[in-house]
S.K.: 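Below you will find the structure I want to go over with you.
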Amino acid sequence: MTETGNVKRGAPDIVRDALREGILNGTIQPGTQMRQDELAEQFGVSRIPIREALRQLEVEGLVKIELNRGAVVSRLSTEDVLEMLDIRIALECYALRLAIPNMAEQDFTLAEGLLDIYDQEPDPVNWGRMNRQFHLAICAPCDRPRLMAMIRDNMGRADLFLRTEVSLVVGKERPQQEHRQLLELIRAGDAEQAARLLQSHIEQTKRSVQATMRHRKAS
């Protein structure tokens, strides 16, 4: 066992967390077969903690245990992503309403700096990560660690789909315009208008997902 602070973490937790991070950051791609013997060798443990870690990831929806194949990294359906975006609206808008009264100049500076970097980034591969950083930055002052953990988890799963299916189609001009408008409302302390714009912003992403899939089926 290892220890973080006063909390001891067993081998299944260590393996689960490492695999979860790999899945959510795209290092481990959807459809990848998670072989227990290879993972046991990689992490230097027996198959028992590997099996437990994979069970936990299955509960989280990140892997699927298939007959004759074992654990396979899940592929998200369009319906899965649309539902996650609905959940994202509820979580982020609530967090933003809580966050705005707590914000200081440093929070505004951080958010604006992230948008400036985003403006200068030419590679669409990085746009999803920068978008996520901005959204997390404006929600973080809510000071609700569990709420923020839920937001991060939801974003990470949806981004498995969004970064490959939507970013190139949507581009960054419109999202960045809305980000700048959102930041203006946040600076003005208008929590309700900011939350409404944030909801509309994410709903536009939903429409882009639906349009992308329609065009794919038609081609």
S.K.: Does H201 reach the side chain of H135, with side-chain heavy atoms less than 4.5 Å apart?
M.R.: yes
S.K.: Taking it one step at a time, do E92 and L198 satisfy side-chain contact (heavy atoms from CB on, under 4.5 Å)?
M.R.: CA-CA 8 Å; E92 285 192 43; L198 178 57; 3.8 Å; yes
S.K.: Can you find a pair of side-chain heavy atoms, one from V209 and one from L82, that are under 4.5 Å apart?
M.R.: yes
S.K.: Any chance you could measure Q176, atom CD, to R174, atom CZ, to the nearest 0.5 Å?
M.R.: 11.0 Å
S.K.: Atom CD1 of I50 and atom CD of Q36: how far apart are they, to the nearest 0.5 Å?
M.R.: 7.5 Å
S.K.: Under a 4.5 Å cut-off applied to non-hydrogen side-chain atoms, are S208 and Q204 in contact?
M.R.: yes
S.K.: Quick one: does any side-chain atom of N154 pair with a main-chain N or O of M84 as donor and acceptor, under 3.5 Å?
M.R.: yes
S.K.: Determine whether L57 and V72 fall in the same hydrophobic cluster, where Ile, Leu, Val, Met, Phe, Trp and Tyr are linked whenever their side-chain heavy atoms lie under 4.5 Å apart.
M.R.: no
S.K.: With a 6.0 Å cut-off (strictly less than), is the heavy-atom count around CD of E58, excluding the residue itself, greater than 12?
M.R.: yes
S.K.: Hydrophobic clustering (ILVMFWY, side-chain heavy atoms < 4.5 Å, transitive) - are L110 and M148 grouped together?
M.R.: no
S.K.: Does the pair R97/E192 count as a salt bridge with the N-to-O cut at 4.0 Å?
M.R.: yes
S.K.: Show your reasoning for whether side-chain contact (heavy atoms from CB on, under 4.5 Å) applies to Q29 and V73.
M.R.: CA-CA 7 Å; Q29 292 290 312; V73 178; over 6 Å; no
S.K.: When you group the ILVMFWY residues by side-chain heavy-atom contacts below 4.5 Å and let the links chain together, are L114 and I186 in the same group?
M.R.: no
S.K.: Determine the minimum heavy-atom distance between S74 and K64, stating which atoms define it.
M.R.: OG-N, 3.6 Å
S.K.: Is it the case that over 12 heavy atoms from other parts of the model lie below 6.0 angstrom from the CZ atom of R129?
M.R.: yes
S.K.: Would you please test R47 and L39 for side-chain contact (heavy atoms from CB on, under 4.5 Å) and show each step?
M.R.: CA-CA 8 Å; R47 291 193 185 187; L39 291 173; over 6 Å; no
S.K.: Looking only at non-hydrogen atoms, find the nearest pair between P12 and A53 and report the distance.
M.R.: O-CB, 3.5 Å
S.K.: Under 3.5 Å, is there a donor-acceptor pair between the side chain of R144 and the main chain of C142?
M.R.: yes
S.K.: Distance check, rounded to the nearest 0.5 Å: I28 atom CD1 versus R20 atom CZ?
M.R.: 12.0 Å
S.K.: Report, as yes or no, whether the 6.0 Å neighbourhood of atom CD on Q42 holds more than 12 heavy atoms from other residues, nucleotides or ligands.
M.R.: yes
S.K.: Side chains of I138 and M103: does their closest heavy-atom pair fall under 4.5 Å?
M.R.: yes
S.K.: Could you give the distance from NZ (K206) to CD (E203), rounded to the nearest 0.5 Å?
M.R.: 6.5 Å
S.K.: Counting N and O atoms only, with roles assigned by atom type, does the side chain of Q33 sit under 3.5 Å from a partner on the main chain of R69, one being a donor and the other an acceptor?
M.R.: yes
S.K.: So, for A195 and C93, which heavy atoms are closest and what is the spacing to 0.1 Å?
M.R.: O-SG, 3.4 Å
S.K.: If two hydrophobic side chains count as joined below 4.5 Å and joins carry through other members, does M155 share a cluster with Y94?
M.R.: yes
S.K.: Between Q56 and E52, is there a side-chain donor-acceptor contact under 3.5 Å, judged purely by atom types and distance?
M.R.: yes
S.K.: Take Q199 and R196 through the test side-chain hydrogen bond (donor to acceptor under 3.5 Å, both in side chains) and record every step on the way to the result.
M.R.: CA-CA 5 Å; Q199 177 174 340; R196 279 194 285 270; over 6 Å; no
S.K.: So, are R187 and E112 salt-bridged, with charged N and O less than 4.0 Å apart?
M.R.: yes
S.K.: How about M34 and L19: do any of their side-chain heavy atoms sit closer than 4.5 Å?
M.R.: yes
S.K.: Closer than 3.5 angstrom, by distance alone: can the side chain of T109 be matched with the main-chain N or O of E105 as a donor-acceptor pair?
M.R.: yes
S.K.: Taking Y118's backbone N and O only, do any of them form a donor-acceptor pair with K172's side chain (distance below 3.5 Å, no angle check)?
M.R.: yes
S.K.: Are side-chain heavy atoms of I87 and M150 found at a separation under 4.5 Å?
M.R.: no
S.K.: Working to the nearest 0.5 Å, report the span between CE of M130 and CD of Q120.
M.R.: 10.0 Å
S.K.: Charged N to carboxylate O under 4.0 angstrom, D116 versus R180?
M.R.: yes
S.K.: List the atom of P141, the atom of A137, and the distance in Å for their closest heavy-atom pair.
M.R.: CD-O, 3.3 Å
S.K.: Just verifying a value: how many Å separate S46 OG and E41 CD, rounded to the nearest 0.5 Å?
M.R.: 13.5 Å
S.K.: Which heavy atom in L147 sits nearest to a heavy atom in A95, and how many Å separate them?
M.R.: CD2-CB, 3.7 Å
S.K.: Would you indicate whether the side-chain heavy atoms of R51 and I48 approach each other to under 4.5 Å?
M.R.: yes
S.K.: If every non-hydrogen atom of A111 is compared with every non-hydrogen atom of L183, which pair is closest and at what distance?
M.R.: CB-CD1, 3.9 Å
S.K.: Can you confirm whether L182 sits close enough to F134 that some side-chain heavy atom of one is under 4.5 Å from a side-chain heavy atom of the other?
M.R.: yes
S.K.: Mind checking whether L62 and F43 sit in one hydrophobic cluster, side chains of I, L, V, M, F, W, Y counted as touching below 4.5 Å?
M.R.: yes
S.K.: In plain terms, say whether D80 and R75 are close enough for a salt bridge, that is, a side-chain N and a carboxylate O under 4.0 Å apart.
M.R.: no
